[in-house]
Amino acid sequence: MSASGFAAGRGVEIRGLRKVYGDTIALDELDLWARPGEILGVVGPNGAGKSTMVKILAGEEPATAGEIEVDGQPWSTQFGTERVAIVHQEAQLFPNLSVADNIVIGREGRRILRRRTTAAERAVMADLAISDVANEQLQNVPLATQQRTEIARALVRDAFVFLFDEPNSALTADESADLFRRMHALADAGHVVILVSHRLAEIVAHCARVAVLRDGRCRRIIEGEDLTQEVVAKELVVGHEATTGGAAARDVKDAVALELVDWTHTRRAFSEVDLQVRSGETVAIVGVEGSGARELVRSIAGFEPARGRMTVFGSAGGPDESTGYVAADRTQSLFGNLTIGDNLVVRLRREITGFAGSLRRDRMLAKAREARDTYQIKARGLGAAVASLSGGNQQKLAIAAAMTERPGILVLEEPTRGVDVGSKRDIYLHMQRYAEDGHAVVIFCTEITEVFEAAGRVHVMSDGRISAPLQVNHTDVESLAADVTRLERHHVRGSRAASASATT
């Protein structure tokens with residue numbers, strides 16, 4: 001593995017990088033330097049600009065303004081396409097082709113078919129321990145092997161910059177250790193390696209420096225003795241002030257709405273969870289991907305298999321009509337083929353039906369207008385398509401449709417993912433009022449600021465286990481970030497020492 005053609009010093013330098021999408025500023029004069037021989041960590045809340053930066057470096061998106069240099073030479077789209085490789089959370093290759101075909105595709109030259117790999121390609125495959133599966137279809141090999149295939153493909157086309165974007169959330173501990181060992185090997189060979197991740201323990205263990213992005217800018221580079229999980233966690237929430245006044249600070253003494261006893265995921269993403277949520281409160285479940293947090297929240301809504309005892313308003317069994325759910329991907333909770341108005345009332349039953357189940361169009365229209373106004377959805381009209389709405393208004397539509405049904409328990413995944421500040425404020429207020437009206441709200445969050453805004457209590461998932469509760473109302477956002485980080489500590493997968501001592 002070599003970074004041929006590049007001096008050993010300067011690496012990739014980004015100066016004043018700016019990217020604007022309409023009224024949204026994704027990157028705002030971003031300055032960043034990634035040098036060969038080390039792994040640079042990049043962290044930041046959702047919307048910080050991490051994904052935009054990655055896409056620009058890879059030549060997938062044009063920058064609005066700014067400069068990128070590679071060892072003192074101007075970066076080009078061709079360089080991004082040919083010599084920047086992204087290793088994704090899920091491999092972005094061709095599942096119906098063999099491992100070997102995925103490595104050589106695009107390098108066939110004038111030949112229609114390339115039946116044999118070159119000696120150099122076979123050497124790369126051997127180094128990455130995928131020679132024995134060269135003829136297997138990619139979809140039939142483990143995810144870790146798919147990622148090594150992605151790395152091999154990048155190496156045979158002489159990639160210089162490797163971007164790892166949340167690469168190990170679905171890997172086992174051994175597979176993660178192997179991935180990090182190979183990342184260190186790439187850095188040691190002179191490549192520029194950038195790791196984007198929410199896993200602070202692994203960021204701290206494997207990165208020489210960590211860049212903290214907020215609002216499209218690099219706010220701080222953390223290195224040396226300052227590079228600890230606590231420092232990184234606090235830096236992620238610096239300057240955040242509650243936009244809604246936080247969740248209600250009252251003590252909740254209402255009846256138990258949801259109770260889980262010995263609740264265990266069928267595929268062991270989490271186990272032996274005991275949890276109570278009372279009417280009138282919002283409880284957040286947090287944890288990095290792979291911790292079991294997302295699966296736990298989805299299981300409450302009936303979208304992940306689990307066993308144990310679930311009681312909903314005193315009735316044992318599982319999710320029923322008393323439970324509503326909005327997915328992290330709002331398109332999964334909306335009907336794209338229906339109008340905005342129809343989406344708002346489609347879950348209602350007796351309120352919009354008449355004799356023999358016939359639809360009462362006047363009642364549907366009145367209910368849709370009421371929901372649109374209550375949840376502040378800005379639309380051209382109720383008869384317009386869902387796609388005509390902005391991202392923030394689509395999210396409000398998905399949550400409004402769930403709340404209009406008035407479920408006793410409302411389950412939300414990342415309720416303000418990908419929305420603007422104004423829409424976030426509106427959504428937090430609606431969630432707070434919904435809980436105060438005697439319902440229970442359970443949310444899965446990846447951002448501490450969202451927990452601080454929306455929840456009165458938070459539980460942290462780590463390695464499939466749930467923590468004792470943290471009371472959000474009695475702390476500040478930086479202290480909350482430190483407490484959550486402490487509880488998120490888990491086995492650091494593939495430490496630097498292990499990476500240095502392991503052999504291929």
Side-chain angles (χ1 to χ4, degrees), residues 6 10-35 40-89 92 154 159-166 192-198 209-221 235-236 238-240 243 329-331 378 387-395 414 416-425 446-447 449:
F6 290 87
R10 299 184 62 180
V12 176
E13 187 172 1
I14 298 171
R15 295 192 299 270
L17 195 62
R18 184 174 174 83
K19 179 63 178 179
V20 177
Y21 298 96
D23 295 331
T24 301
I25 301 175
L27 292 176
D28 186 16
E29 306 293 333
L30 175 69
D31 295 327
L32 192 63
W33 175 39
R35 57 198 182 202
L40 173 68
V42 177
V43 299
N46 290 334
K50 305 185 298 296
S51 296
T52 303
M53 179 195 74
V54 166
K55 291 177 181 178
I56 291 174
L57 281 174
E60 297 175 359
E61 287 275 1
T64 303
E67 298 178 347
I68 304 175
E69 289 188 354
V70 182
D71 282 355
Q73 301 300 313
W75 174 93
S76 66
T77 301
Q78 182 179 1
F79 178 90
T81 301
E82 296 180 355
R83 304 204 63 186
V84 177
I86 305 178
V87 179
H88 299 82
Q89 180 174 330
Q92 304 293 302
F160 175 59
V161 180
F162 283 80
L163 308 172
F164 290 83
D165 189 4
E166 301 284 357
V192 171
V193 180
I194 299 175
L195 170 63
V196 179
S197 179
H198 279 89
R209 297 178 300 132
V210 173
V212 181
L213 271 59
R214 294 195 310 272
D215 301 321
R217 291 189 177 189
C218 180
R219 301 295 179 172
R220 183 179 175 185
I221 298 290
E235 192 66 32
L236 287 170
V238 164
H240 178 81
T243 60
D329 181 355
R330 51 184 164 257
T331 61
K378 298 177 181 177
S388 68
L389 295 174
S390 67
N393 281 289
Q394 284 188 27
Q395 187 73 356
E414 301 184 79
T416 63
R417 178 184 180 186
V419 305
D420 59 84
V421 173
S423 294
K424 283 185 179 182
R425 181 177 58 252
T446 57
E447 305 293 342
T449 53

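Bear in mind that the values here come from a model prediction, so they are computed numbers and not experimental data.
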**Request:** Check the pair Glu69 / Arg10 against salt bridge (charged side-chain N to carboxylate O under 4.0 Å, His left out), numbers first and verdict last.
**Result:** CA-CA 9 Å; Glu69 289 188 354; Arg10 299 184 62 180; 3.7 Å; yes
**Message:** Assess the residue pair Val84 and Val192 against the criterion (side chain to side chain contact (heavy atoms under 4.5 Å, CB included)); give the C-alpha distance rounded to whole Å, side-chain angles, the decisive distance to 0.1 Å, and a yes or no.
**Reply:** CA-CA 9 Å; Val84 177; Val192 171; over 6 Å; no
**Request:** Any chance you could lay out the side chain to side chain contact (heavy atoms under 4.5 Å, CB included) test for Leu195 and Leu40, step after step, and finish with the verdict?
**Result:** CA-CA 6 Å; Leu195 170 63; Leu40 173 68; over 6 Å; no
**Request:** Check the pair Asp215, Asp28 against side chain to side chain contact (heavy atoms under 4.5 Å, CB included), reporting the backbone distance first and the verdict last.
**Result:** CA-CA 7 Å; Asp215 301 321; Asp28 186 16; over 6 Å; no
**Asked** Should Leu17 and Glu29 be marked as a side chain to side chain contact (heavy atoms under 4.5 Å, CB included) after you check the CA-CA gap, both sets of side-chain angles, and the distance that decides it?
**Response** CA-CA 5 Å; Leu17 195 62; Glu29 306 293 333; over 6 Å; no
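Val54 places none of its side-chain heavy atoms less than 4.5 Å from the side chain of Ser51. Side-chain contact between Asp31 and Ile14 is absent, with no heavy-atom pair separated by less than 4.5 Å. Residues Val87 and Leu163 are not in side-chain contact: their nearest non-hydrogen atoms beyond the backbone lie 4.5 Å or more apart. Annotation: side chain of Leu213 is not in contact with side chain of Arg219 (no heavy-atom distance under 4.5 Å). Side-chain contact check for Lys19 versus Ile56: some heavy-atom pair is nearer than 4.5 Å. Annotation: side chain of Val43 is in contact with side chain of Val210 (closest heavy-atom distance under 4.5 Å). Contact check for Phe164 versus Ile194: no side-chain heavy atoms found under the 4.5 Å cut-off. Put simply, the side chain of Thr52 reaches to within 4.5 Å of the side chain of Tyr21, judged on heavy atoms.
The 12-atom threshold is not exceeded at NZ of Lys55, counting heavy atoms of other residues, nucleotides or ligands nearer than 6.0 Å.
Considering CD1 of Ile86 and CZ of Phe162, their distance stands at 12.0 Å, rounded to 0.5 Å. The line from CD1 of Ile68 to CD of Gln73 is 14.5 Å long, rounded to the nearest 0.5 Å. Note: Glu82 CD to Ser76 OG = 8.0 Å, rounded to the nearest 0.5 Å. Rounded to the nearest 0.5 Å, atoms CD1 (Ile221) and CZ (Arg209) are 5.5 Å apart.
Remark: the backbone N or O of Gly44 is paired with a side-chain donor or acceptor of Lys50 at under 3.5 angstrom. Checked by atom type and distance alone, the side chain of Gln394 pairs as donor or acceptor with a backbone atom of Leu389 at under 3.5 Å. Between the side chain of Ser197 and the main chain of Glu166, no donor-acceptor pair closer than 3.5 Å is present.
Note on Arg214 versus Glu235: salt bridge recorded, some NZ/NE/NH1/NH2 to OD/OE distance being below 4.0 Å. Between Arg35 and Glu13 there is no salt bridge, since no side-chain nitrogen of the basic residue lies less than 4.0 Å from a carboxylate oxygen of the acidic one.
Residues Gly392 and Ser423 share a closest heavy-atom pair of CA-OG, 3.6 Å. Among all heavy-atom pairs drawn from Pro45 and Leu236, the shortest one is CD-CD2, 4.1 Å. Between Leu57 and Trp75, the closest heavy-atom pair is O-NE1, 3.3 Å.
Defined by atom type and a distance below 3.5 Å, a donor-acceptor pair is present between the side-chain atoms of Thr446 and Glu414.
A cation-pi geometry, defined here as NZ or CZ lying under 6.0 Å from the six-membered ring centre and within 45° of its normal, does not hold between Arg15 and Trp33.
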